[in-house]
Engineer: 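First the structure, then my questions, so here it is.
A note on names: the letters A, B, ... follow the listed sequences, proteins ahead of strands, and every chain is numbered from 1.
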Protein chains: 2
Amino acid sequence: MVTSRAAARRTAARAAYLTSMAACPTHRVLDRMGERWVSLILKELACGPRRHGELARAVAGATQKMLTQTLRGLERDGLVARSVTGSVPPRVEYRLTPLGASLLPVLAVVTEWSERHIGDIDAARAAYDAGTPRERAR
Amino acid sequence: MVTSRAAARRTAARAAYLTSMAACPTHRVLDRMGERWVSLILKELACGPRRHGELARAVAGATQKMLTQTLRGLERDGLVARSVTGSVPPRVEYRLTPLGASLLPVLAVVTEWSERHIGDIDAARAAYDAGTPRERAR
DNA sequence: CAGCATCCAGTTGGATACTG
DNA sequence: CAGTATCCAACTGGATGCTG
């Protein structure tokens with residue numbers, strides 16, 4: 001049937017696009033940086049090495065699971081280094097690698113833009129939300 | 001019981017933290033930029049105004065739903081402007097606002113870092129993945 | 001053409017409990 | 001102390017069909 005062929009073609013096109021998108025460096029990095037706890041952890045580690053427990057306290061909103069999971073991801077990408085000394089009790093320390101440190105200026109640029117324009121965004125939101133119920137008195 | 005009190009305290013602390021994090025400008029912006037289709041749409045609109053259908057073709061991986069949803073979000077934040085002319089057939093055009101355009105340099109910084117270091121990341125991943133099965137021959 | 005509504009699968013992330 | 005494992009609720013995003 002013609003219709004299902006067209007649908008299949010669209011699906012295929014999407015799959016191909018999805019693949020190429022997954023390979024896009026910018027998207028991959030943005031994906032990581034956008035993860036819920038990444039920017040917080042990066043900022044904390046920017047101040048110096050931290051033990052697991054210290055990070056847990058500093059980033060109090062994250063559950064232990066998410067903290068570990070996020071750190072593993074950052075470690076895998078070579079942004080964070082993990083070192084263990086002693087095994088009872090274990091003493092684990094996380095610190096930024098040079099690669100991770102090189103990301104800080106980028107984060108700083110984002111931060112600067114954000115703090116400068118968050119007011120504009122909030123204003124736009126307020127305006128949008130106020131005007132949106134346009135059907136209200138129809 | 002003591003235990004449940006401690007648990008409650010932790011939960012409360014988390015809730016408070018979550019709130020303050022949601023208010024953090026950097027986190028809010030990173031959240032948006034990290035959304036699946038935002039960077040693609042922004043890059044496409046950087047080239048000039050686009051109609052809905054044009055965007056749909058350019059960002060072929062997104063479903064119509066996600067495209068509209070993402071555009072609405074960007075519009076609400078004042079990053080993108082939407083203008084309608086005619087209603088049958090409708091002609092809708094999206095373009096960057098000055099605020100949205102001011103975000104492009106930030107995106108460019110991220111892009112530059114990403115393209116420069118994606119190789120390092122991939123290398124780190126390969127090394128990590130190769131070394132991880134450390135228990136393999138135990 | 002642009003977009004909304006509905007349904008639904010897959011993923012994310014939180015709570016909890018246990019181990020070396 | 002650091003980390004793993006399990007269970008499960010909530011959200012995200014995709015497929016599909018309908019409207020002005």
Engineer: L67(B) CG to dG14(D) P: how many Å, rounded?
Structural biologist: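 Answer to the nearest Å: 11 Å.
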
Engineer: Locate the shortest heavy-atom distance separating A58(B) from E44(B); write the atom from each residue and the value.
Structural biologist: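 In terms of heavy atoms, the two residues are closest at CB-CD, 3.5 Å.
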
Engineer: Mind checking what makes side chain to side chain contact (heavy atoms under 4.5 Å, CB included) contact with E54(B), not counting sequence neighbours?
Structural biologist: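 If we apply the side chain to side chain contact (heavy atoms under 4.5 Å, CB included) test to E54(B), skipping adjacent residues, the hits are R50(B), R51(B), R57(B).
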
Engineer: Nearest whole angstrom, please: distance from the C1' of dA2(C) to the CD of E75(B).
Structural biologist: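 Going from CD in E75(B) over to C1' in dA2(C) covers 13 Å.
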
Engineer: Between T63(B) and R14(A), is any side-chain donor less than 3.5 angstrom from a side-chain acceptor?
Structural biologist: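 Looking only at side-chain atoms, R14(A) and T63(B) do not form any donor-acceptor pair under 3.5 Å.
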
Engineer: Between atom CD of E115(B) and atom SG of C24(A), what is the distance when rounded to the nearest 0.5 Å?
Structural biologist: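 That separation rounds to 7.0 Å.
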
Engineer: Taking 4.0 angstrom as the limit, do D77(A) and R72(A) come out as a salt bridge?
Structural biologist: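 Not counted as a salt bridge, because no side-chain N and carboxylate O are separated by less than 4.0 Å.
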
Engineer: For residues 25-70 of chain B, which residue pairs qualify under ring pair (Phe, Tyr, Trp, His ring centres under 6.0 Å), counting only residues two or more places apart or in two chains?
Structural biologist: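 Ring pair (Phe, Tyr, Trp, His ring centres under 6.0 Å) check on residues 25-70 of chain B returns no pairs.
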
Engineer: If I take atom CG in residue L18(B) and atom C1' in nucleotide dG14(C), what distance separates them, rounded to the nearest angstrom?
Structural biologist: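 Nearest whole value for this atom pair: 10 Å.
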
Engineer: Can any side-chain N or O of S20(B) pair as donor or acceptor with the backbone N or O of Y17(B) at less than 3.5 Å?
Structural biologist: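 Here the side-chain-to-backbone pair exists.
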
Engineer: How close or far is atom C1' of dT11(C) from atom CE of M66(B), stated in whole angstroms?
Structural biologist: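 Whole-Å distance recorded here is 14 Å.
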
Engineer: Distance-only, no hydrogens or angles: does the T97(B) side chain make a donor-acceptor pair with backbone N or O of L79(B) under 3.5 Å?
Structural biologist: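 Yes, the answer is positive, given that a donor and an acceptor are paired below the 3.5 Å cut-off.
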
Engineer: With the threshold set at under 4.0 Å for non-hydrogen atoms, list the residues of residues 23-33 of chain A touching DNA chain D in residue-number order.
Structural biologist: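 Contacts with DNA chain D under 4.0 Å: none.
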
Engineer: Which side-chain N or O atoms in residues 99-110 of chain A pair as donor and acceptor under 3.5 Å with protein atoms at least two apart or in another chain?
Structural biologist:
from: S102(A); atom 1: OG; to: L99(A); atom 2: O; distance (Å): 2.6
from: S102(A); atom 1: OG; to: W113(B); atom 2: NE1; distance (Å): 3.0

Engineer: CZ of R36(A) versus C1' of dT12(C): gap in Å, rounded?
Structural biologist: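 Going from R36(A) (CZ) to dT12(C) (C1'), I get 10 Å.
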
Engineer: In B/S/- notation, 5' to 3', how is nucleotides 1-11 of chain D contacted by protein heavy atoms closer than 4.0 Å?
Structural biologist: BSBB-B-----

Engineer: Evaluate the side-chain proximity of T111(A) to K43(A): yes if any heavy-atom separation is below 4.5 Å, no if none is.
Structural biologist: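 A side-chain contact exists here, since the closest heavy-atom pair is under 4.5 Å.
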
Engineer: Quick one: bend of the helix from dC1(C)-dG20(D) to dG20(C)-dC1(D) from 5 pairs per end, to 10°?
Structural biologist: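 The end-segment axes of the helix from dC1(C)-dG20(D) to dG20(C)-dC1(D) are tilted 40° relative to each other.
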
Engineer: Using whole Å, what does the distance between atom P of nucleotide dC1(C) and atom CG of L55(B) come to?
Structural biologist: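 After rounding, the reported distance stands at 14 Å.
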
Engineer: Which whole-number value in Å describes the distance from M21(B) CE to dG14(C) C1'?
Structural biologist: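 The distance from CE of M21(B) to C1' of dG14(C) comes to 13 Å, rounded to the nearest Å.
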
Engineer: Take atom CZ of R116(B) as the centre, draw a 6.0 Å sphere, and report whether it contains more than 12 heavy atoms from other residues, nucleotides or ligands.
Structural biologist: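 At most 12 heavy atoms, drawn from other residues, nucleotides or ligands, come within 6.0 Å of this atom.
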
